[in-house]
Undergrad: 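Following this message is one structure expressed as structure tokens.
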2 protein chains.
Amino acid sequence: MYSAVMSMSTPERLIEATRELLWERGYVGTSPKAVQQAAGAGQGSMYHHFAGKQELALAAIRRTADELGAAAETVLGGEGSAYARIEAYLLRERDVLRGCPVGRLTMDPEVIADPALRAPVDEALGLLRARLAGVVQEGLDRGEFSGALDPEEIAATVVATVQGGYVLARATGSRAPFDSAVRGLLALLGPRAAVAATPTAL
Amino acid sequence: MYSAVMSMSTPERLIEATRELLWERGYVGTSPKAVQQAAGAGQGSMYHHFAGKQELALAAIRRTADELGAAAETVLGGEGSAYARIEAYLLRERDVLRGCPVGRLTMDPEVIADPALRAPVDEALGLLRARLAGVVQEGLDRGEFSGALDPEEIAATVVATVQGGYVLARATGSRAPFDSAVRGLLALLGPRAAVAATPTAL
DNA sequence: GTCTATAGGCCGATAGAC
DNA sequence: GTCTATCGGCCTATAGAC
């Protein structure tokens with residue numbers, strides 16, 4: 001991990017340092033100087049590779065957004081019933097107290113005010129919802145869930161529960177409320193569905 | 001509204017201005033200077049009434065947290081079935097694109113790092129969850145919901161859906177995903193419960 | 001209570017030498 | 001590519017006059 005960082009090119013180190021700082025402190029709370037120190041790069045070096053704070057943040061946000069999509073696809077494109085895949089998404093390993101590196105940006109006034117910075121955030125969360133809606137639709141087609149459910153609504157509820165779970169966990173300083181929220185959602189989504197799907201999947 | 005602001009004492013105006021700025025820009029993004037300008041108060045005046053940024057923010061956060069509790073109680077302490085009250089909480093009027101003034105602070109590194117600033121946030125969200133859990137328990141006692149549900153988990157899911165709904169709405173720039181998430185949750189919580197409770201409530 | 005003055009340091013960026 | 005120097009302005013206070 002650290003050796004990987006040390007062997008990176010300067011632009012790479014700058015982007016990775018920016019990703020970390022954006023995650024922890026947001027755009028408003030991240031200064032070029034802090035990025036340079038974290039990346040071990042000088043002032044002139046940073047401005048040689050990137051036009052400024054915004055351009056650097058854009059590169060960092062794009063990468064983080066792409067990673068979110070890839071991670072979601074790994075879990076949602078896996079084996080099993082629709083319920084099982086949604087469960088896998090919800091129970092996936094997470095650094096709960098750090099929150100979501102993409103969702104976090106949504107609370108930053110300067111990210112929201114800048115269309116270029118907001119675009120990757122919007123897209124990543126939109127794709128995630130669409131992908132989840134597809135899985136819910138599959139489950140509906142297979143009769144896993146009650147027929148009254150709207151796939152896009154359930155997808156929004158699933159993503160919102162995760163994003164809001166981070167809020168509750170950070171408020172408390174413990175991941176417990178996140179886990180509660182997820183278990184509550186699974187209980188509402190689940191029992192009958194899981195059983196119904198078993199014959200086909202397992 | 002504005003006349004009310006203008007007739008307020010200087011400390012009051014400072015607190016209200018801080019509340020607005022904290023909501024929009026967070027603690028990290030809010031400067032004493034910006035507060036002074038928004039409140040129409042001078043530098044010396046602000047530091048006469050408050051020791052500094054942290055003390056001012058503490059007063060503002062406490063008030064916002066208290067308001068959250070009062071607003072929740074208004075809706076959750078009302079008439080109707082448990083389902084109806086949770087529905088009322090979820091459908092309550094909200095400035096969705098502005099997000100939650102309390103939940104927002106959870107993404108601020110300096111609020112989370114400062115126990116004094118975090119405490120009111122933690123307490124407000126904790127009380128909200130407890131209050132909702134009580135309502136769910138009532139619903140369970142009256143047979144409104146499926147017996148398998150855990151009140152604290154469902155309460156966490158409800159609050160998380162709202163908090164996460166804000167994230168989705170702000171990412172998109174539209175309240176639509178918030179409404180979807182809420183409708184999805186109501187669909188999961190609901191139909192049978194709503195019908196079962198109707199005889200008593202309506 | 002409110003004002004102005006002052007402080008040392010960071011903010012985000014630009015310029016130009018090496 | 002990376003460095004140092006420099007910029008005007010804001011950050012968060014503090015000091016002391018009025």
Side-chain angles (χ1 to χ4, degrees), chain A residues 5-61 105 107-118, chain B residues 5-61 105 107-118:
Chain A
V5 168
M6 295 200 287
S7 69
M8 291 166 89
S9 68
T10 298
E12 269 314 298
R13 275 182 289 120
L14 284 165
I15 291 175
E16 288 304 313
T18 303
R19 295 216 298 153
E20 286 303 307
L21 284 164
L22 245 27
W23 192 358
E24 192 181 327
R25 305 189 48 85
Y27 186 79
V28 161
T30 297
S31 69
K33 187 181 186 186
V35 170
Q36 291 151 208
Q37 287 175 338
Q43 194 109 320
S45 186
M46 192 201 100
Y47 281 101
H48 172 75
H49 295 289
F50 299 92
K53 177 178 173 176
Q54 196 254 16
E55 194 178 300
L56 189 44
L58 187 51
I61 293 174
L105 299 170
M107 292 302 142
D108 197 300
E110 297 187 13
V111 169
I112 294 306
D114 182 336
L117 294 179
R118 206 194 65 192
Chain B
V5 168
M6 296 200 286
S7 69
M8 290 166 89
S9 67
T10 298
E12 268 316 295
R13 274 181 291 121
L14 285 164
I15 291 176
E16 289 305 312
T18 303
R19 296 216 297 153
E20 287 302 309
L21 284 163
L22 246 27
W23 192 357
E24 191 180 327
R25 304 189 48 85
Y27 185 78
V28 160
T30 297
S31 70
K33 188 181 186 185
V35 170
Q36 290 151 210
Q37 288 175 337
Q43 194 108 322
S45 186
M46 191 201 99
Y47 282 102
H48 171 74
H49 295 290
F50 298 92
K53 177 178 173 176
Q54 196 255 15
E55 194 178 300
L56 189 43
L58 187 51
I61 293 174
L105 299 169
M107 293 301 142
D108 198 301
E110 297 188 12
V111 169
I112 294 306
D114 183 335
L117 295 179
R118 207 193 66 193

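Note: hydrogens, waters and symmetry copies are ignored here, and every other heavy atom, side chains too, is used. Quick caveat: nothing in here was measured; it's all calculated off a predicted structure. The sequence lines fix the lettering, A, B, ..., with proteins before strands; numbering per chain opens at 1.
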Undergrad: Among all residues two or more places apart in sequence or in another chain, which pass the side-chain contact (heavy atoms from CB on, under 4.5 Å) test with Glu24(A)?
TA: none
Undergrad: Hey, what do you get for CG (Leu22(B)) to CG (Asp108(B)), rounding to the nearest 0.5 Å?
TA: 7.5 Å
Undergrad: Using the side chain to side chain donor-acceptor pair (under 3.5 Å) criterion, which residues pair with Arg19(A)? Sequence neighbours excluded.
TA: Glu16(A), Thr64(A), Glu67(A)
Undergrad: Among Gln43(A), Met46(A), Gln37(A), which residue meets the side-chain contact (heavy atoms from CB on, under 4.5 Å) test with Pro32(A)?
TA: Met46(A)
Undergrad: Any idea which heavy atoms bring Gln36(A) and Tyr47(A) closest together, and the distance?
TA: OE1-CE1, 4.4 Å
Undergrad: Base, sugar-phosphate, or nothing for Gly42(B), non-hydrogen atoms under 4.0 angstrom?
TA: sugar-phosphate
Undergrad: To the nearest Å, give me how far apart CG (Leu21(A)) and C1' (dC10(C)) are.
TA: 15 Å
Undergrad: Quick one: is Lys33(A) getting a side-chain N or O under 4.0 Å of the dC10(C) phosphate, OP1 or OP2?
TA: yes
Undergrad: Please, which pairs that meet salt bridge (charged side-chain N to carboxylate O under 4.0 Å, His left out) have at least one residue in residues 25-46 of chain A, sequence neighbours excluded?
TA: Arg25(A)-Glu110(B)
Undergrad: Side chain to side chain donor-acceptor pair (under 3.5 Å) with Ser45(B): which residues, sequence neighbours excluded?
TA: none
Undergrad: What are the bounds, 5' to 3', of the part of DNA chain D that sits under 4.0 Å from heavy atoms of chain B?
TA: dC10(D) to dT14(D)
Undergrad: For DNA chain C, which residues of residues 46-58 of chain A approach it to below 4.0 angstrom with any heavy atom?
TA: Tyr47(A), Gly52(A), Lys53(A)
Undergrad: What is the minimum heavy-atom distance between Thr18(A) and Ala60(A), and which atoms define it?
TA: CG2-CB, 3.7 Å
